[in-house]
Amino acid sequence: MKNLDIQQTDNGVIVKNIKNFVPKHTFDCGQCFRWNEEDDGSYTGVAYDRVINMKLDNNILYIDNCNIEDFNNIWVEYFDFNRDYDEIKKELSKDNVLAHAMKFGKGIRILNQDPFETLISFIISANNGISRIKKSIEYLSMKYGEKIGEYKGKEYYSFPNAEVLEKIRAENLRESGVGYRASYIFNTAVVVASKQMDIYNLKNLSTEDARKELMLLAGVGPKVADCIMLFSIGKHDAFPIDVWVKRVMEYFYLPKDSSLKYIQKYGQDKFGKYAGFAQQYLFYYAREAKLGKK
DNA sequence: GGGCAGGTCTAAG
DNA sequence: CTTAGACCTGCC
């Protein structure tokens, strides 16, 4: 979106001409874990050492605890505000299923999150439930992260970096409720902190090569690798297959009990460079409609 | 109390 | 290279 109409207020920013963005859709499509809905329907979240609050009202976006400088330097990129989602939707709507799915999560934008935080978060997400994933991430942040500040009486903490996490014994990591994933987190933190792998350089590799690299890390399989690439490394042709996407793909396109590998190839072939966006719309739709679940 | 949840690891064919 | 089983833990 070019030429955003931004205004500074007392303790926030107002953006009047935001398109293709609904906070609920973006925060509830499985890509992030640190945004929470408040009683008034707004969302408060932590990213890049900031805590902000967002509310969309009559197509006007109110961002509290924020200034124009942060908006331009951090949040435009984080929320992918420079990307033309009309173009993506136009292309994807050639597929009837997607055209239908996009009516649900029409305000989804794929975030550009920090690679390390995303890496650890999705290691935690494997074979886990959302509420417990969020609790573990909050615990790790509060215990080992840095205090960012207070907002509406609550304290907020950044997610700990690799140098901090590698010093924590796996048995202590378990106090966050991550269970057997503690050793995965520890081992991955050691590899990242020691620069055996530069996860901040993965964006310069092909999607295929970045995937192979990521899967060398403990606790990172195909699905987690694809999520990391899509949500933090800008690999928008990645097509993560979780249980919901498997259900929706088998419901509309493929026979039941298709292999994950085949579903992934099918999705990437079908949606190409927009596969990741398609995955997000399908995921949101599948969960919203409780597709394939009693 | 058994089953399940935004999968991965391991050991085997 | 594909396929069973086990797996922390909290919540139903």
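In what follows, chains are A, B, ... by sequence order, proteins preceding strands, each numbered from 1. Here the structure is a predicted model, which is why all the values come from computation and not from measurement.
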May I ask you to decide if the ring planes of A:Phe21 and A:Phe27 are parallel, tilted or perpendicular, using 30° and 60° as cut-offs? perpendicular
Listing, residues 198-206 of chain A side-chain donor-acceptor contacts under 3.5 Å, not counting sequence neighbours, or none:
unit_1: A:Asp198; atom_1: OD1; unit_2: A:Tyr200; atom_2: N; d: 3.0
unit_1: A:Tyr200; atom_1: OH; unit_2: A:Asp114; atom_2: OD1; d: 2.9
unit_1: A:Tyr200; atom_1: OH; unit_2: A:Asp114; atom_2: OD2; d: 3.4
unit_1: A:Asn201; atom_1: OD1; unit_2: A:Asn204; atom_2: ND2; d: 2.6
unit_1: A:Lys203; atom_1: NZ; unit_2: A:Tyr200; atom_2: O; d: 3.1
unit_1: A:Ser206; atom_1: OG; unit_2: A:Asp209; atom_2: N; d: 3.0
unit_1: A:Ser206; atom_1: OG; unit_2: A:Asp209; atom_2: OD2; d: 3.3

From CZ of A:Arg247 over to C1' of B:dG7, roughly how many Å is that when rounded to an integer? 14 Å
May I ask you to list the residues of residues 214-235 of chain A, by number, that have any heavy atom positioned under 4.0 Å from an atom of DNA chain B? A:Leu217, A:Ala218, A:Gly219, A:Val220, A:Gly221, A:Pro222, A:Lys223, A:Val224
Does anything in residues 115-125 of chain A come within less than 4.0 Å of DNA chain B? Heavy atoms only, and list the residues if so. A:Ser125
For the residue pair A:Asp70 and A:Tyr48, confirm or rule out a side-chain donor-acceptor distance under 3.5 Å. no
Starting at the 5' end of DNA chain C, write a dot or bracket for each base, bracketing those in Watson-Crick or G-U wobble pairs whose two distances are under 3.5 Å and using | for partners on another strand. |||||||.||||
Rounded off to whole Å, could you give me the CG-to-C1' distance for the A:Asn187 and B:dC9 pair? 13 Å
Any side-chain donor paired with an acceptor under 3.5 Å for A:Tyr266 and A:Gln268? no
What does nucleotides 7-12 of chain C look like as a protein-contact string, B for base, S for sugar-phosphate only, - for none, at under 4.0 angstrom between heavy atoms? BBBSS-
If we ignore hydrogens and angles and just use 3.5 Å, is the side chain of A:Asn17 paired with the main-chain N or O of A:Asp5 as donor and acceptor? yes
Please work out which of the three classes, parallel, tilted or perpendicular, describes the rings of A:Phe79 and A:Phe81, given edges at 30° and 60°. parallel
Name every residue in residues 255-280 of chain A that has at least one heavy atom under 4.0 Å from any atom of DNA chain B, in order of residue number, or write none if there are no such residues. none
